[in-house]
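The structure under discussion appears below in the form of structure tokens.
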Amino acid sequence: ADEELMRLNVESDLSNEDTLGDYGQFLLTKRQEMVNDHKGTEDSRAMLSIRLGEIESDAVGKAAAVSTRLGREKVLNTYNDRLSPLLSNAAKDPTRKGIDRAFLDLETNINDLSGAFDPGEEENLLRRTGQEQIALSAVNSLITRGRVEEADSLVQGGLMGVLSPELQGN
């Protein structure tokens with residue numbers, strides 16, 4: 001079971017439901033073969049089937065956990081890939097209008113991915129984190145250009161609310 005899971009993890013996409021289904025079918029077939037090939041009594045055959053069923057259940061649980069983790073990693077990678085150009089745009093246009101445009105694009109990206117994560121706390125965390133990174137990108141761009149007063153004005157003019165408490169003091 002572990003060898004097949006490892007093989008599928010290398011050769012296939014375990015976050016795909018079809019791959020996970022194929023793994024379950026593989027385990028079921030193997031269990032049936034082993035029980036059918038067993039030369040013991042009916043009682044030992046029944047006990048073997050029960051034990052193999054437990055092993056199969058554990059293996060499917062392990063595969064499901066790996067599948068879930070891989071699926072989440074894909075979603076977060078997609079989120080980060082979509083966030084990167086928004087950070088770049090905010091740095092290029094560090095105005096309130098440019099930042100608002102990036103916030104709107106961030107919201108569109110989160111909505112596109114909404115079925116892939118918890119719509120409550122997780123979605124809000126991605127939104128808050130994305131908005132903070134966009135705001136920091138714009139502010140840092142102004143600061144590195146020597147426009148510190150403009151950066152401070154931008155923060156005081158509405159960006160303070162998207163910055164974490166740790167960053168608000170800086």
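Everything numeric here is computed off the predicted structure, so don't read it as measured data.
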Query raised in the report: With no hydrogens and no angle check, is any side-chain donor or acceptor of Arg128 less than 3.5 Å from a backbone partner on Val162?
Result: no
Report summary line: Residues passing the side-chain hydrogen bond (donor to acceptor under 3.5 Å, both in side chains) test with Arg127, sequence neighbours excluded, are Glu107, Glu123, Asn124
Query raised in the report: Under 3.5 Å, side chain of Tyr79 to main-chain N/O of Leu113, donor-acceptor pair present?
Result: no
Query - Qualifying side chain to side chain donor-acceptor pair (under 3.5 Å) pairs, either residue in residues 151-162, two or more places apart - result: none
Report task. Tell me, with the steps shown, if Leu106 and Ile134 meet side chain to side chain contact (heavy atoms under 4.5 Å, CB included). Result -> CA-CA 9 Å; Leu106 173 67; Ile134 289 167; 4.1 Å; yes
Query raised in the report: What do you reckon, is CD of Glu33 surrounded by more than 12 foreign heavy atoms closer than 6.0 Å?
Result: yes
Query raised in the report: Within the distance-only criterion (no hydrogens, no angle test), does the side chain of Thr78 pair as donor or acceptor with the backbone N or O of Lys74 below 3.5 angstrom?
Result: yes
Query raised in the report: Below 4.5 Å, heavy atoms only, C-beta onward: do Asp112 and Arg82 meet side chain to side chain?
Result: yes
**Report entry** Salt bridge present between Arg69 and Glu73 (N-O < 4.0 angstrom)
**Finding:** yes
Query raised in the report: Short question: side chain of Thr19, backbone of Leu14 - any donor-acceptor pair under 3.5 Å?
Result: no
Report task. Return yes if some donor-acceptor pair links the side-chain N/O of Ser15 with the main-chain N/O of Leu70 below 3.5 Å, else return no. Result -> no
Requested in this report: Given side chain to side chain contact (heavy atoms under 4.5 Å, CB included), test Arg96 with Leu159 step by step and report yes or no.
Outcome: CA-CA 9 Å; Arg96 189 60 213 206; Leu159 292 184; 3.2 Å; yes
Enumerate, atom names and distances included, each donor-acceptor pair closer than 3.5 Å involving a side-chain atom of residues 54-65, sequence neighbours excluded.
residue	atom	partner	partner atom	Å
Glu54	OE1	Arg51	NH1	3.2
Glu56	OE1	Arg31	NE	2.7
Glu56	OE1	Arg31	NH2	3.3
Lys62	NZ	Asp2	OD1	3.1

Query raised in the report: Taking it one step at a time, do Leu154 and Ile99 satisfy side chain to side chain contact (heavy atoms under 4.5 Å, CB included)?
Result: CA-CA 10 Å; Leu154 196 58; Ile99 294 167; 3.5 Å; yes
Requested in this report: Quick one: do Leu76 and Leu126 satisfy side chain to side chain contact (heavy atoms under 4.5 Å, CB included)? Show the steps, please.
Outcome: CA-CA 9 Å; Leu76 290 175; Leu126 291 174; 4.0 Å; yes
Query - salt bridge (Lys or Arg N to Asp or Glu O under 4.0 Å) between Arg101 and Asp93, intermediate numbers included - result: CA-CA 10 Å; Arg101 190 176 318 111; Asp93 183 9; 3.5 Å; yes
Query raised in the report: Does any donor atom in the side chain of Arg145 or Ser141 lie under 3.5 Å from an acceptor atom in the other side chain?
Result: yes
Query raised in the report: Are Thr41 and Asp43 close enough that a side-chain donor and a side-chain acceptor fall under 3.5 Å?
Result: no
Query raised in the report: Linking I/L/V/M/F/W/Y whenever any side-chain heavy atoms sit under 4.5 Å apart, do Leu27 and Val66 land together?
Result: yes
